[in-house]
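Notes follow the structure.
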Amino acid sequence: MSTHAAKPARTRFAPSPTGRTHLGGGRTALYDFLVARQTGGQFILRIEDTDRKRYSPDSERELFESLRWLGLQWDEGPEVGGPHAPYHQSQRKDIYLEHAHLLVEMGHAYFCFCSLERLERIRQEQQRRKEPPRYDGTCRRLDPDEAARRVAAGERHVIRFKMPQEGSTTGVDRLRGEITVENRNLDDYIIVKSDGWALYHLAAMVDDHLMEITHVIRGSEWLPTFPLHVHIIRAFGWEEPDWVHLSIFLKPSGKGKMSKRDTADLMKDGFSIYLTDLRDLGYLPEAVVNWTALMGWSYDDRTEFFSMPELIEKFSLDRLNPSPAAINFSKLDHFNGLHIRKLPAPDLAARLRPFFEKAGYHKIDEDKLLKVTPLVQPRIVTLEDALVMGGFFFEEEVYPNLVDLVGDNMTPADSAAALRRAEQILTGLPELRRESSEEAFRALAEELDLSAGQLFGILRVAVTGKTVSPPLFESMGVIGKDTVVRRIRNAIDLLENYAA
RNA sequence: GCCCCCAUCGUCUAGGGGACCAGGACGUGGCCCUUUCAAGGCCAAGACCGGGGUUCGAAUCCCCGUGGGGGCACCA
């Protein structure tokens, strides 16, 4: 695909807004987007909301938000319009109905008047006899003129696709090659419900054709009905798109698909399969894109770090892997760290700001944030980690634990004495810069017969309130001399009050 | 039960008849660097599901098992 200039592709992401947008959808949309961008074609978003009972406006909002967060802006679809509008299937009911009637006229479909109850009876009977559950074909044998009269008379009916009963059907999947199914294993699927709404099988094929879709990239859960879709397209005499059935995602253990329970467990570990959760958890869209792109696709035997432009250039449907993939969140952490470190500091600072603000650190000074950013940058894996790693920079006071203030193999009195000397040195310093302060404090350690680790450890706790922090002297420089001195005095008080 | 898909380190993967005592990445362990924590560098352990075939030669092709996954709605 990338080897020779392909003709512009028209791809579509066609989700059903009945739940939250997750990794699987994100990856499908990403591949759609990449193929469109790579070939100079269009990425279309189509909302499959023909099931009015399951439709949820919240889901749709979250869908748009998720795709945009990932950087997958659609060229045609809701909110942006396009030459094939409307892009909500709920607004295209008549189009599907017309096409269904066309199929009936051509003899590829028929009206069915069987009741739900009768269908249920047949199903149970078949189950009892261990037969595959299928429509028994009663209405298929009806005289078409009579069926038409009953429809005209207002009798409740559905429209079924007339599947050939002999032979087999072969479709070609881009990653698996030919997929052949015996026609007798296929059912006379309902394509229009009794309320007049088309089902996916019809609606999607009609829209894909009308919208001139060249590549249907979708989940492999569609593989079993793939031959049906091929049949519908052939019945109309349309050209088939390229079919790409993506592998599914397994839970991290590799044992089965993600369940509700798994999702809840995941959140406890600070992970989620939902895109907006990942955003709120402090993951970068760049990292999520890079990570999911590699779940089922590879470039070569060593390159793994990709930006969106690089993916657009290098992505290829020919290098997709058909086997199911377990989700590996520790690899997401890895990619997030990588992308965080790659970011220019001002960019990272801008992304960090909302996390600090949400945590209650208001009036964050831009200059200070810009200084803090490179200090936390190599030390965080998510944006949210910056709160723990660098919160003390924006805190008025810090509250160290007494035990942490006492150095290794030292008494509280020793620590207090060391801090007193540190305070003297600090106040004597004309300004607080890393080079000068580090030199002075190294000398102090020697004077007190302490290791650098001992002294710096005490200072770190006094100044940052924590045992783990960015490098001490750089940190002190950002915090400022007055605040550093005040915090050291507080630590001395703490130690001496304990002694008393 | 029936149908379909899949099968290389714990995980994501490279490999597509000889270049493979199987390469990379995450994770894990160790070392170096180092004021803590990271980052970074180096090293280590770790896999071709089983059985048949085809072939001079199989991780690679074929068949059968087995295992895993998906689907069997007037959902998508």
Side-chain angles (χ1 to χ4, degrees), chain A residues 14-19 48-51 53-54 112 114-116 119-120 123 126-127 129-134 156-160 173 175-176 179-182 184-187 189-197 199-201 203-204 218-227 245 247-248 250 252-257 291 294-305 319 321-335 337-338 341 376-381 385 389 438 441-442 445 451-457 459-461 464 466-473:
Chain A
S16 186
T18 56
E48 310 243 333
D49 55 351
T50 52
D51 185 349
K53 288 187 287 288
R54 297 203 309 152
C112 173
C114 294
S115 69
L116 252 19
L119 259 22
E120 184 53 32
R123 221 187 324 268
Q126 286 165 333
Q127 243 157 41
R129 284 194 302 235
K130 303 240 187 269
E131 285 170 9
R134 257 199 306 270
R156 196 172 170 83
H157 65 280
V158 300
I159 299 177
R160 287 183 185 272
D173 173 69
L175 23 168
R176 287 161 252 260
I179 290 170
T180 301
V181 176
E182 297 299 317
R184 63 185 150 79
N185 288 324
L186 264 10
D187 205 352
Y189 291 91
I190 293 172
I191 52 176
V192 175
K193 296 189 270 183
S194 56
D195 62 7
W197 283 102
L199 257 51
Y200 172 90
H201 306 304
R218 53 175 9 180
S220 64
E221 66 269 22
W222 293 110
L223 236 25
T225 43
F226 174 34
H245 293 95
S247 64
I248 48 139
L250 269 22
S253 64
K255 304 238 175 290
K257 257 209 322 198
W291 175 56
L294 255 16
M295 298 179 68
W297 173 79
S298 62
Y299 177 62
D300 58 19
D301 64 348
R302 50 195 70 255
T303 320
E304 287 205 328
F305 187 90
R319 292 192 60 89
N321 188 326
S323 47
I327 302 171
N328 184 349
F329 284 98
S330 66
K331 196 139 187 174
L332 169 59
D333 278 347
H334 170 250
F335 277 121
L338 243 36
R341 273 165 255 138
V376 300
Q377 190 160 20
R379 277 166 256 270
I380 54 176
V381 350
D385 291 343
M389 188 49 75
E438 177 165 356
F441 283 106
R442 282 194 187 280
S451 71
Q454 278 175 306
L455 179 62
F456 297 173
L459 273 171
R460 177 188 315 285
V461 173
T464 70
K466 301 178 321 105
T467 54
V468 171
S469 81
L472 181 59
F473 302 104

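Values below: every heavy atom of this structure, side chains too, minus hydrogens, waters and symmetry copies. Numbers restart at 1 for each chain; the letters A, B, ... are given by sequence-line order, proteins then strands.
Base pairing annotation: U54(B) forms no Watson-Crick or G-U wobble pair, as no partner gives both donor-acceptor distances under 3.5 Å.
Checked against C74(B), A14(B), C5(B), the side chain of L223(A) finds its nearest nucleotide in C5(B). The nucleotide whose nearest atom lies closest to any side-chain atom of L199(A) is, among C75(B), G27(B), C37(B), C75(B). Picking from A73(B), A38(B), C75(B) the nucleotide with the shortest atom distance to the side chain of R123(A) gives A73(B). Ranking A39(B), U36(B), C12(B) by closeness to the A325(A) side chain, first place goes to C12(B). Side chain of F456(A), nearest nucleotide from A39(B), G24(B), U35(B): U35(B).
Spacing between A58(B) and G18(B) at atom P, rounded to whole Å, works out to 11 Å. A distance of about 15 Å separates the C1' atoms of C12(B) and G46(B), rounded to the whole Å.
Relative ring orientation between F329(A) and W291(A) is described as tilted, the plane-to-plane angle lying within the 30° to 60° band.
Taking side-chain N and O atoms only, N328(A) has no distance below 4.0 Å to OP1 or OP2 of G10(B).
With hydrogens and angles ignored, no donor-acceptor pair closer than 3.5 Å exists between the side chain of S323(A) and the base of C6(B).
Side chain of S16(A) to backbone of T18(A): no donor-acceptor contact under 3.5 angstrom is found.
Close placement of the F473(A) and F456(A) rings is indicated, their centers lying within 6.0 Å of each other.
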